[in-house]
Amino acid sequence: MARTATRLHPRPRAPTRHDSSIGGPLLWPAEEPWPYCREPHVVDGVNPALSPADLRLERRIFAASHGRDLTPEERETLERIRPPRTYPARPAVQAYDGPMAMLPVAQLYVRDVPDLSPPEGKDLLQVLWCPFDHPIMPRTLLFWRSAAAVTGILDAPPEPSAVQFGGYLPEPCVLEPERITEYPDHLELSEELREQLRQWSVPQAAGEDMDPDTYYDCVLSNAPGWKVGGWPAWNSTDPSPQSCSECGTGMELLMTVATFEEGDDAGNSWSPHPHPGAGPYPGHRGYNATGVQIGSGYRQHLFVCPAEPEHPHIESMT
């Protein structure tokens, strides 16, 4: 049941189009139209949708003011971006007409991420999404490419006019890939094997002051954070095997988009190995260099057809 996976370990730096990255610029052909989402985009006004420029400005102000009081100018800017609410208030519905430009989420070169299984002749995966819920998470698009075939590059791709939640605008990050071995979530195992694991975990869990009923999932089965390949986690839903809509083949996990790099309950099991030449690991649970938040702290799994990765993929939130 062992599967390999590549943990991506996003780190805040300035990636280029020729780097594997989260939220970085894409090696996008100049002659190829940029993708737009043409589905409805409606928000209830409780959490106002903001422009990417305003979200980036808000993040810069908070980063610059860390450890000190806001200046009057900073406070004025933040109140302009998010005007103070008046109560009682009825949420105003916002509807955005026309197509919405999609945002870069990930660019992954096979040379950096060995657990990618691209179509023949392709060595680059690009993931984009619409920064609005459709219906409970962003809608994603996958593009497989040959990097060598991209000659003219699109320098200034369009951006959406609004982003529903700040957590749907990824911060540019480079990657420090780490290959690991994973095992299935306990919900994908037989009752007999679950009991064997629980009994085996009793002394292990006691040594780390953990619950033996959850020790396997927290410490051994699958890693937290962004990754490619491996096994899905089923934290909020039961396993839901899916078949390819084109050929009927059972779908497999391509990629996990995560809110947090490390969980709060995994002990030190998934603390990453130091990467050669890398700076110090931030070292605290809940670290989130990408700024991405799925739901109230979940993961978004992307499943693809192993027989033909370019068949339609499936998304799930767990």
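Values in this document were obtained by computation on a predicted structure and should not be read as measured data.
Atom-to-atom distance recorded for Q107:CD and L175:CG is 10.0 Å, nearest 0.5 angstrom. A distance of 5.0 Å separates CD of E182 from CG of N222, quoted to the nearest 0.5 Å. Remark: Y168 OH to L55 CG distance equals 13.0 Å, nearest 0.5 Å.
The salt bridge (Lys or Arg N to Asp or Glu O under 4.0 Å) check on R59 picks up E171, with sequence neighbours excluded. Contacts of R75 classified as side chain to side chain donor-acceptor pair (under 3.5 Å), with partners at least two apart in sequence or in another chain: none. The side chain to side chain donor-acceptor pair (under 3.5 Å) test applied to R68 returns E74, not counting sequence neighbours.
Between the side chain of T237 and the backbone N or O of W234 there is no donor-acceptor pair closer than 3.5 Å. A donor-acceptor distance shorter than 3.5 angstrom exists from the side chain of T259 to the backbone of I294, with no hydrogens or angles considered. Side-chain atoms of S190 come within 3.5 Å of backbone atoms of L193 as a donor-acceptor pair (strictly under, hydrogens ignored). Distance alone, capped at 3.5 Å, is enough to place a donor-acceptor pair between the S20 side chain and the Y109 backbone. With D54 contributing its side chain and E58 its backbone, the two residues share no donor-acceptor pair below 3.5 Å. Under the 3.5 Å distance criterion, the side-chain polar atoms of R13 are left unmatched by any main-chain donor or acceptor of V174. No donor-acceptor pair under 3.5 Å is formed between the side chain of E252 and the backbone N or O of C305. Checking side-chain atoms of D19 against main-chain N and O of S21 turns up no donor-acceptor pair under 3.5 Å. When atom types are taken as modelled, the side chain of T318 and the backbone of A233 share a donor-acceptor pair closer than 3.5 angstrom. T16 contributes a side-chain N or O that, together with a main-chain N or O of H18, makes up a donor-acceptor pair within less than 3.5 Å.
Looking at E159 and R56, a side-chain N of the basic residue comes within less than 4.0 Å of a carboxylate O on the acidic one, giving a salt bridge. The existence of a salt bridge linking D123 and R111 is excluded, since no basic side-chain nitrogen approaches an acidic carboxylate oxygen closer than 4.0 Å. Under the 4.0 Å criterion applied to side-chain N and carboxylate O atoms, R11 and E176 are assigned as salt-bridge partners. Ion pairing of E310 with K122 is present here, as a side-chain N (NZ or NE/NH1/NH2) and a carboxylate O approach within less than 4.0 Å.
You'll find the side chain of R7 stays beyond 4.5 Å of the side chain of P177, heavy atoms only. Side-chain contact check for V150 versus R145: some heavy-atom pair is nearer than 4.5 Å. At least one side-chain heavy atom of L128 sits under 4.5 Å from a side-chain heavy atom of L26. Looking at heavy atoms from C-beta onward, E261 lies out of side-chain contact with T290 at the 4.5 angstrom threshold. A 4.5 Å side-chain heavy-atom check between R139 and W129 finds every atom pair outside the cut-off. A heavy-atom distance below 4.5 Å is not found between the side chains of C173 and P15. The side-chain heavy atoms of S316 and Q242, taken from C-beta on, include no pair separated by under 4.5 Å. Put simply, the side chain of M137 reaches to within 4.5 Å of the side chain of Q300, judged on heavy atoms.
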Check against side chain to side chain contact (heavy atoms under 4.5 Å, CB included), C218 and M210: CA-CA 9 Å; C218 290; M210 297 182 68; 3.9 Å; yes
Residue pair V202, Y215: steps toward the side chain to side chain contact (heavy atoms under 4.5 Å, CB included) verdict: CA-CA 8 Å; V202 168; Y215 183 81; over 6 Å; no
Candidate pair L116 and L254, rule side chain to side chain contact (heavy atoms under 4.5 Å, CB included), full reasoning: CA-CA 7 Å; L116 281 174; L254 168 68; 4.0 Å; yes
Full working for salt bridge (charged side-chain N to carboxylate O under 4.0 Å, His left out) between R3 and D115: CA-CA 10 Å; R3 288 183 184 175; D115 285 286; over 6 Å; no
CA sep, side-chain torsions, deciding dist, call: W28, F143, ring pair (Phe, Tyr, Trp, His ring centres under 6.0 Å): CA-CA 10 Å; W28 193 272; F143 295 86; 5.0 Å; yes
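Annotation: F303, atom CZ; neighbour count of heavy atoms from other residues, nucleotides and ligands within 6.0 Å is above 12. Around the OH atom of Y96, the shell of radius 6.0 Å holds more than 12 heavy atoms that belong to other residues, nucleotides or ligands. In the displayed structure, E76 atom CD is contacted under 6.0 Å by at most 12 heavy atoms of other residues, nucleotides or ligands.
The aromatic rings of F132 and H41 lie perpendicular to each other, with more than 60° between the two planes, well past the 30° mark.
A donor-acceptor pair shorter than 3.5 Å cannot be found between the side chains of E188 and W231. A donor-acceptor contact under 3.5 angstrom links the side chains of H313 and T140, judged on distance only. Q204 and E208 share no donor-acceptor pair across their side chains, judged by distance under 3.5 Å alone.
A continuous path of Ile, Leu, Val, Met, Phe, Trp and Tyr side chains, each step under 4.5 Å between heavy atoms, connects V257 with V163, placing both in one hydrophobic cluster. Grouping the Ile, Leu, Val, Met, Phe, Trp and Tyr side chains by contacts below 4.5 angstrom, directly or via other members, places M100 apart from W34. Follow the hydrophobic side-chain contacts under 4.5 Å out from V113 and you never reach L124; the two are in separate clusters. Linking Ile, Leu, Val, Met, Phe, Trp and Tyr residues whenever their side-chain heavy atoms come within less than 4.5 Å leaves L27 and L125 in two separate clusters. L103 is connected to F165 through a chain of hydrophobic side-chain contacts under 4.5 Å among Ile, Leu, Val, Met, Phe, Trp and Tyr, so both are in one cluster.
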